[in-house]
Amino acid sequence: MRCNCRKCRERAAADKTIVSPTETVVRKNTRTKTIRRIHPTEIVNVNRTIIRNENYFPVTERTVNETIVENFDCGRDPNNNRNCRRI
């Protein structure tokens, strides 16, 4: 503790105070958090009964040969069929 005497005042005048820039200290607090992700699954058991219906359709097959004749009048020019008309 300093008093206000001459000796202390001279000593105080000789003292020099130097202030350094503020040092920044960053404290990181890390905590681990657990997230539980639940993916539920539903299993459905299906008991299936299949009923087989058998249907019979007896078929008789025959063949018919058919010929169709169409007649057209196409005029005189065999290279121009746009003028063809059904007769």
When you look at Thr49 and Asn47, which way does the side-chain contact (heavy atoms from CB on, under 4.5 Å) test go after all the steps?
CA-CA 7 Å; Thr49 300; Asn47 297 313; over 6 Å; no
Arg31/Asn29 under side-chain contact (heavy atoms from CB on, under 4.5 Å): CA gap, chis, key distance, verdict:
CA-CA 7 Å; Arg31 64 181 195 159; Asn29 296 317; over 6 Å; no
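Heavy-atom neighbours of Glu54 CD from other residues, nucleotides or ligands within 6.0 Å: above the threshold of 12.
The nearest pair of heavy atoms linking Asn80 to Arg82 is OD1-N, 3.1 Å.
The distance from atom CD1 of Ile87 to atom SG of Cys74, rounded to the nearest 0.5 Å, is 8.0 Å.
In terms of modelled atom types and a separation under 3.5 Å, the side chain of Asp73 and the main chain of Gly75 share a donor-acceptor contact.
Within the 4.5 Å cutoff, the side chain of Asn83 has no heavy atoms near those of the Asn81 side chain.
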